[in-house]
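Chain naming here is simple, since letters A, B, ... match the order of the sequence lines and numbering starts at 1 in each. FYI, side chains are in, hydrogens and waters are out, and symmetry mates aren't considered; it's all heavy atoms of this structure.
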Amino acid sequence: MTASHQSPADAPRTFDVRVLRQDGPGGASYWERHRVPYEHDMNVISVLQRIAAQSRSVEGDEVAPVAWECCCLEEVCGSCTMLVNGKVRQACTALVDRLLVDEPEGIELRPMGKFPVVRDLVVERQRMFRALEKVRAWIDVDGYYDAGPGPRQSPEDQEVAYPLSQCMSCGCCLEACPQYTKVELTRDPGESDADFQARQDQTYDSAFVGAHAISQAVLFNSHPTGTYNAGKRLDALTQEGGIQICGNAQNCVAVCPKEIPLTTSIAKAGRQTTWHQLKKWFDQ
Amino acid sequence: MAKQRVMVVGGGLAGLAATMKLAELGVAVDLMSLVPVKRSHSVCAQGGINAVNDQTRQLGDNEWKHLDDTVYGGDFLQHQPLVHEMTLWGPKVIDLMDRLGVRFNRTSEGFIDRRRFGGTLYKRTAFAGATTGQQLLYALDEQVRRWEVDGLVTKYEYWDFLGPILDEQGVCRGCVAQDLMSMEIRSFAADAVIVATGGCGLIYGRSTMSTVCTGSAASRCFQAGAKYANAEFIQVHPTAIPGADKLRLMSESARGEGGRVWVPRKPQDPRDPNQIPEADRYYFLEQRYPTYGNLVPRDIATREIFNVCVHEGLSVETDRQCVYLDLTHIDRRELDRKLGGILEIYEKFQGVDPRDVPMKIFPAVHYSMGGLWVDYERKADGRLVAGSPKNQVTNIPGLYAIGECDYQYHGANRLGANSLLSCIFSGLFVAPGVKSWLGTVPGGAAAEQPAKLFSDAHAAQKSRQDAIFKRPTSHDNPYDLHFNLGNVMTKAATVVRYNNNLREALQVVSDLAERANRASVVDRGDWTNQNVVFAKAFEDMLPVAKSILLGALQRDECRGAHFKPDFAPPGIDATEPAEKRRQAEAWCDKFEANNRQWLKTTVATCSPDGDPVLTYEAVDTTLVPPRPRLYGLVGAEAIEEVWKERARKKNQTPPPDSVVASM
């Protein structure tokens with residue numbers, strides 16, 4: 001880990017940022033260059049804030065601020081995923097000093113490629129949340145009235161489960177996955193909100209669910225109450241777009257900012273679905 | 001009557017808890033949020049959630065003591081029945097979250113592990129690593145997703161709440177909102193609107209809050225006629241990591257797990273901190289507060305850190321203010337297990353491993369104790385009436401507020417790990433009351449109100465935006481103006497407050513408000529226009545900023561997070577017993593006189609020009625009689641003795657023994 005204060009030997013007065021912009025869904029993308037005054041302790045978020053305040057490209061043209069998503073700025077909300085110098089990551093932990101050491105020419109920002117672009121660096125990641133619905137990533141409690149404490153759990157079980165429960169649905173694992181391909185739908189003329197939503201859900205459900213959702217299924221299957229519905233989750237994982245699509249490239253685990261053992265989860269889910277299928281076959 | 005629906009605005013802990021409870025009660029909910037709800041600011045809460053538990057009970061703890069710690073820590077500015085109800089619910093809330101699958105840390109026997117937080121002597125705090133807020137939020141998010149699949153909840157993510165819709169009788173009938181992608185402005189009919197939109201840290205520029213915490217939603221209710229209370233009470237957290245874009249929280253749990261705060265005795269000692277021997281270190285919190293040590297309430301820790309840097313010149317660095325927060329004496333594995341999440345944040349942003357090297361930290365704006373004024377209905381025994389439509393309702397019928405954006409529960413200073421509890425509690429507790437309201441709402445369902453009500457509200461918002469687009473190009477833009485606002489607020493209204501600074505700041509903010517009305521936006525497009533969304537949010541920060549400043553200016557006293565050196569009661573310095581006694585009596589007289597004047601809720605209403613008008617309201621302190629907050633004050637024993645005698649004469653129950661013994 002490089003210290004943020006280990007700035008390049010001779011810190012530049014300014015540096016350039018190349019942003020791949022797109023004005024709206026389906027539109028053409030184009031590069032735009034911005035020049036930003038260097039300050040200590042900058043990250044890509046503060047760079048984008050400066051670009052917004054400047055509203056001028058290197059050529060001096062007045063341009064609309066670059067659109068991007070961010071929220072917590074401490075890598076715990078999952079909002080600010082983008083490609084920084086070609087690598088998928090959270091923009092908030094992308095420290096400028098470190099980036100300039102690696103790439104003195106400047107910084108390049110692109111939107112994620114596996115999700116439809118809404119505008120500039122903003123992408124539509126609803127498909128991730130649909131996948132969580134598909135694998136029933138929740139505990140089926142009876143209700144929210146007082147019913148005493150939950151089941152006791154060993155500290156060892158907690159320590160295995162806790163890392164999986166830190167998944168912030170950022171999408172890095174999906175961007176890096178060769179099997180996860182972009183699904184982009186456009187609304188038909190006259191199609192209602194509900195009809196479009198239904199068509200979108202159906203399309204998402206038939207495409208690959210992705211490492212994050214597989215890992216969440218494993219998390220809930222490991223919970224003492226969650227295990228009651230493990231079969232339903234495993235059924236979901238063996239449907240179209242399920243775990244069988246995984247090609248074991250192992251890119252997901254390499255890019256996960258929370259270092260979640262995604263490939264371990266996928267291996268566990270693989271074993272669980274195999275046993276589940278066999279059991280169903282013998283029970284017939 | 002048409003089917004009734006409730007609009008919940010904000011999908012953090014409070015909003016999600018309300019949504020799932022309403023759904024369980026069979027009420028259809030629309031849930032609106034600026035971001036996908038899983039990304040709400042609650043994810044940033046780190047340390048844990050407080051509740052009395054089996055272990056603390058056997059050490060003498062009970063819900064009454066949790067109430068006592070909370071109101072004493074909050075300098076008695078809370079309406080106590082609400083706090084009482086919350087502490088009684090505490091253990092049940094933890095049980096519920098446990099059942100929902102939150103992966104709390106466990107003891108070796110499989111029970112939920114606990115740690116100690118500030119302002120208490122009991123280990124009440126349940127935690128899931130150092131990302132407790134994230135873990136709690138995800139459990140609620142999952143439950144709401146379940147209801148979404150069942151069709152009872154409809155989400156509107158990436159929508160900005162623009163304001164409530166009030167009918168001629170002043171009843172809330174829905175809200176206007178804007179799709180942040182298509183920029184469509186739409187009126188939503190709703191039979192009740194629950195605002196759960198969190199704090200307003202962005203008014204200070206940089207804080208520990210997320211970028212969505214502008215306070216604009218609460219401000220839009222305020223400008224529509226809702227009262228805003230105790231605005232001046234802003235918590236400055238003692239320990240944050242300074243940064244260019246954000247001041248990142250370093251949880252109180254770091255101290256709860258044994259972290260020690262210190263500075264070198266020699267100003268700006270250039271030695272590596274690990275090479276500085278014990279004798280050359282000044283553990284100022286432990287020395288000044290032997291009972292609570294590093295876990296004094298936040299307002300006190302913040303002032304001490306500020307003081308040691310600014311007035312005593314003992315900051316660790318020469319060119320910026322910071323002190324050491326030291327964990328290096330604790331076993332690495334233990335640290336990873338209990339604090340992993342926050343240590344990674346420090347490591348990622350500072351490039352230094354806090355397991356090896358003491359962290360450098362400084363206070364930062366963290367939490368808004370104040371917020372939208374809300375009501376409640378109490379019983380004679382000091383509990384609340386469950387299911388009363390008055391609980392959590394603003395002064396606008398049908399408009400509710402919960403979570404950080406209401407003003408309840410924390411008084412003048414919030415105790416660590418009480419916010420997660422207050423958010424989930426108020427979310428769960430509001431639901432049956434809102435259901436009662438639906439049964440009695442006058443004049444039929446919202447969806448059956450005249451169409452003009454909704455089209456007028458829509459038109460007003462549309463013309464507000466059009467007016468911004470039509471402004472001639474100005475050299476002021478909302479981003480620069482916001483930067484100025486952050487500077488002036490941070491200077492005037494954080495740790496230490498002076499009336500002349502506050503007066504100046506009010507003038508500056510009024511000027512900023514005028515400039516904001518002329519500031520132009522570069523982007524005039526109608527697709528994902530973040531520029532105009534921010535311009536509106538910034539404009540709406542200003543009435544709340546003025547309420548903070550005016551509230552602070554008028555409140556000539558010290559209470560919790562609101563500290564004015566010019567009005568701080570000095571300790572007593574006499575050593576001769578009779579004189580000491582006389583001084584203690586005089587101190588207590590002054591304390592009582594001050595409470596008669598200032599133990600009051602500040603209530604702001606917004607005038608049409610955006611300027612707040614303040615009135616003051618009595619506080620319900622009928623459960624725990626207010627007493628002096630004497631943490632570390634010189635002469636505290638003598639004052640306490642006099643105070644107890646007076647309390648006995650008034651037939652007041654003395655405070656619980658363990659708390660008295662600690663002072």
Side-chain angles (χ1 to χ4, degrees), chain A residues 1-6 23-24 39-43 45-46 49 52-53 55 62-65 67 70-79 93 95 118-119 122 129 132-133 137-141 143-144 146-150 152-155 158-159 161-162 165-166 168-169 220 223 225-226, chain B residues 20-21 24 35-36 38-39 41 43-44 92 95-96 98-101 103-112 128-129 131 134-135 138 142-143 145-146 148-149 181 210-212 243-246 248-249 337 341 345 347-352 428 477 479-480 483 522-523 525 527-528 530-531:
Chain A
M1 179 95 34
T2 306
S4 62
H5 53 260
Q6 285 173 3
D23 296 342
E39 290 166 45
H40 284 290
D41 290 337
M42 290 181 104
N43 57 4
I45 300 295
S46 47
Q49 287 171 341
S55 297
E62 185 170 83
V63 292
C70 68
C71 191
C72 77
L73 309 188
E74 49 194 60
E75 204 177 68
V76 73
C77 78
S79 296
T93 44
L95 307 179
V118 174
R119 183 176 178 180
V122 180
F129 298 113
L132 296 179
E133 290 179 6
W138 54 72
I139 303 288
D140 292 272
V141 290
Y144 311 126
D146 185 26
R152 272 155 76 174
Q153 292 167 50
S154 73
Q158 191 270 347
E159 281 175 47
Y162 175 70
S165 70
Q166 284 187 294
M168 54 188 182
S169 303
F220 287 95
H223 187 274
T225 315
Chain B
M20 74 178 199
K21 188 66 196 176
E24 180 179 50
V35 293
K38 193 176 178 179
R39 313 205 190 285
H41 176 62
V43 294
C44 290
K92 296 177 195 171
D95 283 349
L96 173 61
D98 184 22
R99 284 170 50 227
L100 298 185
R103 299 292 186 156
F104 287 113
N105 278 49
R106 299 282 161 171
T107 66
S108 52
E109 211 179 319
F111 294 109
I112 293 176
T131 61
Q134 181 197 44
Q135 300 298 310
Y138 289 1
E142 287 146 12
Q143 292 302 315
R145 186 164 294 111
R146 198 178 151 203
E148 206 184 354
V149 172
M181 302 296 167
S210 296
T211 55
V212 288
D245 56 331
K246 187 188 187 187
R248 295 178 177 84
L249 177 64
R337 223 162 53 76
I345 290 175
E347 204 171 348
K348 280 194 171 156
F349 288 94
Q350 299 302 109
V352 175
L428 294 174
N477 74 51
Y479 304 104
D480 289 335
F483 183 77
V522 174
D523 190 346
W527 182 258
T528 321
Q530 297 177 334
N531 204 183

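- Contact of the A:D140 side chain with the B:R146 side chain is registered, since non-hydrogen atoms from C-beta on lie closer than 4.5 Å.
- Of the possible donor and acceptor atoms, one in the side chain of B:N477 sits under 3.5 Å from a partner among the backbone N and O of A:A53.
- Two residues are said to be in side-chain contact when any heavy atoms from C-beta on lie closer than 4.5 Å; A:D41 and B:F349 fail this criterion.
- Within the 4.5 angstrom heavy-atom criterion, atoms from both the backbone and the side chain of A:E74 approach chain B.
- Residues A:V76 and B:V43 form a side-chain contact, since some pair of their non-hydrogen atoms from C-beta on lies under 4.5 Å apart.
- Counting heavy atoms from C-beta outward, B:Y138 and A:S165 have side chains that stay 4.5 Å or more apart.
- In this structure a side-chain-to-backbone donor-acceptor pair under 3.5 Å is present from A:R119 to B:T528.
- Contacts of A:L73 with chain B are made by both backbone and side-chain atoms, with heavy-atom separations under 4.5 Å.
- Only the side chain of B:I345 comes within less than 4.5 Å of a heavy atom of chain A; its backbone N, CA, C and O stay farther away.
- A cation-pi contact, defined as under 6.0 Å to the ring centre and within 45° of the axis, links A:R152 to B:F111.
- Two residues are said to be in side-chain contact when any heavy atoms from C-beta on lie closer than 4.5 Å; A:C71 and B:H41 fail this criterion.
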* To do: Would you check, one step at a time, whether the test side-chain contact (heavy atoms from CB on, under 4.5 Å) holds for B:R99 with A:Y144?
  => CA-CA 9 Å; B:R99 284 170 50 227; A:Y144 311 126; over 6 Å; no
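- Contacts of A:A137 with chain B are made by backbone atoms alone, with heavy-atom separations under 4.5 Å and no side-chain atom involved.
- Residue A:F220 touches chain B through its side chain alone, counting heavy-atom pairs closer than 4.5 Å.
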* To do: Please report the C-alpha distance between B:N105 and A:Q158 in whole Å, then the side-chain angles of each, then the deciding distance to 0.1 Å, and finally whether the side-chain hydrogen bond (donor to acceptor under 3.5 Å, both in side chains) criterion is met.
  => CA-CA 7 Å; B:N105 278 49; A:Q158 191 270 347; 3.3 Å; yes
* **side-chain hydrogen bond (donor to acceptor under 3.5 Å, both in side chains) between A:S55 and B:Y479, intermediate numbers included** => CA-CA 10 Å; A:S55 297; B:Y479 304 104; over 6 Å; no
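- At a 4.5 Å heavy-atom cutoff, the contact between A:Q153 and chain B is made by backbone and side-chain atoms alike.
- The contact between B:E148 and chain A is made entirely by side chain atoms (from C-beta outward), counting heavy-atom distances below 4.5 Å.
- Using a 4.5 Å cut-off on side-chain heavy atoms (C-beta onward), A:V122 and B:M181 make contact.
- For chain B, the nearby parts of A:V141 are the backbone and the side chain; heavy atoms of each come within less than 4.5 Å.
- Interface residue A:S169: backbone and side-chain heavy atoms are both found under 4.5 Å from chain B.
- The shortest distance between side-chain heavy atoms of A:L132 and B:R145 falls below 4.5 Å.
- Put simply, of A:G78, A:C70, A:S46, the one with the most heavy-atom pairs under 4.5 Å next to chain B is A:G78.
- For A:D23, the part sitting under 4.5 Å from any heavy atom of chain B is the backbone (N, CA, C, O) and nothing else.
- Residues A:Q166 and B:Q135 form a side-chain contact, since some pair of their non-hydrogen atoms from C-beta on lies under 4.5 Å apart.
- Remark: B:F483 pairs with B:N487 by the side chain to side chain contact (heavy atoms under 4.5 Å, CB included) rule, at least two apart or across chains.
- Under a 3.5 Å cut-off, the side chain of B:D98 and the backbone N or O of A:G150 do form a donor-acceptor pair.
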